[in-house]
Amino acid sequence: MTRKNGETKVSASHHAEREIIVRGISASPGIAIGQVHFLRGDVAAVPPRKIAPAEVELEIERLERAIEETRAAMLQSRQRAMAMAGTAVGRIFDAHLLILEDQELQKEVRGRIAREQFSTEFIVYDTMGRTIELLEKQMGELFRERAMDVRDVRAQLLRFLQGGPDAAPEHPDEPSILVAANLSPTDTLHIDRTHIMGIATDLGGPTSHTAILARSFEIPAVVGLGDISARVKSSQTLILNGNSGKVVIAPTAASLKEYRDKHKRYQQLLANLAGLRDLPAETSDGHAIELHGNIELPHEVESVRTHGGTGVGLFRSEYLFLTREAPPGEEVQFEAYFKAAEGMWPGPITIRTFDLGGDKLHPGRSALAERNPFLGWRGIRVSLSHPDLFRTQLRAILRASVKKNVRIMFPLIASLWEVREAKKALDEAKIALRQEGIAFDEKMPVGIMIEVPSAVILADQLAREADFFSVGTNDLIMYTLAADRGNEMVAKYYDAYHPAVLWAILDTVLCGHKAGISVGLCGELAADPLATALLIGLGVDELSVSAGIIPEIKKIIRSIRFADCQEIAARARELPTAEEVRTLLEAEMKRRFADLPIWFTTER
Ligand code: PEP
Ligand code: MG
């Protein structure tokens, strides 16, 4: 799904402007055609304004009032989001309320007004600005998201301080594509959906809150488009393809026709998919696949369910670090895990222990600069060197397992030693809970992520110590091919269809099956429709993808025969290059799915 930035220029003799194709990251599926409509960005900088000592009390009163008004407006936004898109989406605004109600933050603002004697507006702008800056300095989407939330709350608070919320944002009268540098969840919520057909932003990732909202509202969206907001002009025509992550600026007449046709075919596909929700993910000759969802937040289980997923194959628990400065405590974690487990019950949820480091936060060492963070202090390594942090998480996961549908999984396993150490810590946590008389699932399955080549090589041994495997191709591709998953310069070397990657998946499956354990795949490759038949043919038992993709993958699974998947996999594994593998898959998919309007037959 994820495409890197890049562009193709096509000259169009009959057009004054040249058609430009920009690639970003598909955040919400669908095709939209419309005119550029800009959204006003963040609040303007607030200049420092000194106040007299006698005014301090009054300024603090203004602060309290603005907080109250903002809280009321947020509760309304939450209501509105819930009414429009369901409880799960409404809860996105809980994150904003948490920031607004953060007692530490409020204390800091009050203290600074009294000490420094500047206007409330300035102190709010500056204090929250420092947090935003700190978060934005961190690598990784989780931090950008959190920064975005703080920015959104700051904008709302300042609007009330500066005399009430803005007049209603101007709405376009024509079918339009909303273009912005970045879009906050609040902005997304207030979009006029009668005329906004799509969203294109410079920044953002596929798991951003804005992307989640756009998917819930079924507005096609492409994010991470670089500087699109600076290169398009107001009222210029855009085509936006949320399925492929492509935006066409100033399209030619031929492109417009092509995309109108694609749009029609896509609508047909959606109509076909709607009936699949409650049907099993099994091939036409009866081979069942566990089709699960990947989540970052507990409330996303609702979306997994509504899209027809029967479990969670990956809960990226490190997301819990996002909403707080200090590591989340046992109760906070327990509530999050329990909520997810309860929401998915009786389906399983797989909680991965914190996968910090790499491009994600180091607890208490966020400023730590490693020369090779992806080869550094990451994943299980962080947990094993922080026994307190690890113990707290293990206790919370165990407590949430009481209804017997929780599985635990360890990230970045590179040797047997780590598995044994992690399991030892788990056993210790169990002993303590037993002594305290706290219930948990004694048989909670323990899984291992296979995302380091050494784990593939040792899969035979590892399989004897694990209850299941889950292949994390996002990292496995990176470590196998020595190509950084986040580095544009080596993007072409980072190839999921490289024969070495396919063999690594196959070896893992064979070792797992020999030991009688299930082997899942939860990297982005699982969400690529081109790979579905191949992965099933290689013997993968479970595919875990983001919720919105579940119906398409289910459709493919239900339309193919397991015997054909095996044949495709057998042929693919004989091929020496990624290009040949891809060509084979494209040809096979086109041949077998000629009657299905699935986008890879029309888009790739
Ligand atoms: C992976 O590496 O494939 C994976 C699923 O984990 P993450 O993307 O969180 O590293
Ligand atoms: Mg990983």
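Just so you know, ligand 1 is whichever comes first in the structure, and atom 1 is the first atom listed for that ligand. Index from 1, following the sequence. Remember, predicted model here, so these are calculated numbers, not experimental data.
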Might you confirm whether atom NZ of Lys403 has over 12 heavy atoms from other residues, nucleotides or ligands at distances under 6.0 Å? yes
Measure from NZ or CZ of Arg399 to the centre of the six-membered ring of Phe440 and say whether it is under 6.0 Å with the direction within 45° of the ring axis. no
Salt bridge present between Arg378 and Asp355 (N-O < 4.0 angstrom): yes
What do we get for Asp355 next to ligand 1 when only non-hydrogen atoms under 4.0 Å count, side chain, backbone, both or neither? side chain
Mind checking whether Arg352 has a heavy atom under 4.0 Å from ligand 1? yes
Atom of Glu451 closest to the Mg ion (ligand 2), considering N, O or S atoms: OE1
As a quick check of understanding, evaluate ring-ring contact (aromatic ring centres under 6.0 Å, His included) for Trp377 and His386, giving each step before the final call. CA-CA 11 Å; Trp377 196 51; His386 270 273; 5.5 Å; yes
Using a heavy-atom cut-off of under 4.0 Å, does the side chain or the backbone of Leu314 touch ligand 1, or both, or neither? side chain
What are the atoms of ligand 1, with element, lying closer than 4.0 Å to any heavy atom of Gly472? 1 (C), 2 (O), 3 (O)
Give the atom name of whichever N/O/S atom in Asp475 sits closest to the Mg ion (ligand 2). OD2
Salt bridge Arg151-Glu133, side-chain N to carboxylate O under 4.0 Å: no
If you measure from each non-hydrogen atom of Arg316 to ligand 1, which part falls under 4.0 Å: side chain, backbone, both or neither? side chain
Measure from NZ or CZ of Arg407 to the centre of the six-membered ring of Phe468, then state whether that distance is under 6.0 Å and the direction lies within 45° of the axis. yes
Which ligand 1 atoms are under 4.0 Å away from a heavy-atom of Arg378? 10 (O)
Exam field: side chain Glu451 to backbone Leu412, donor-acceptor pair closer than 3.5 Å: yes
So, regarding Asn474 and ligand 1 (criterion: nitrogen or oxygen to nitrogen or oxygen, under 3.5 Å), is there a contact or not? yes
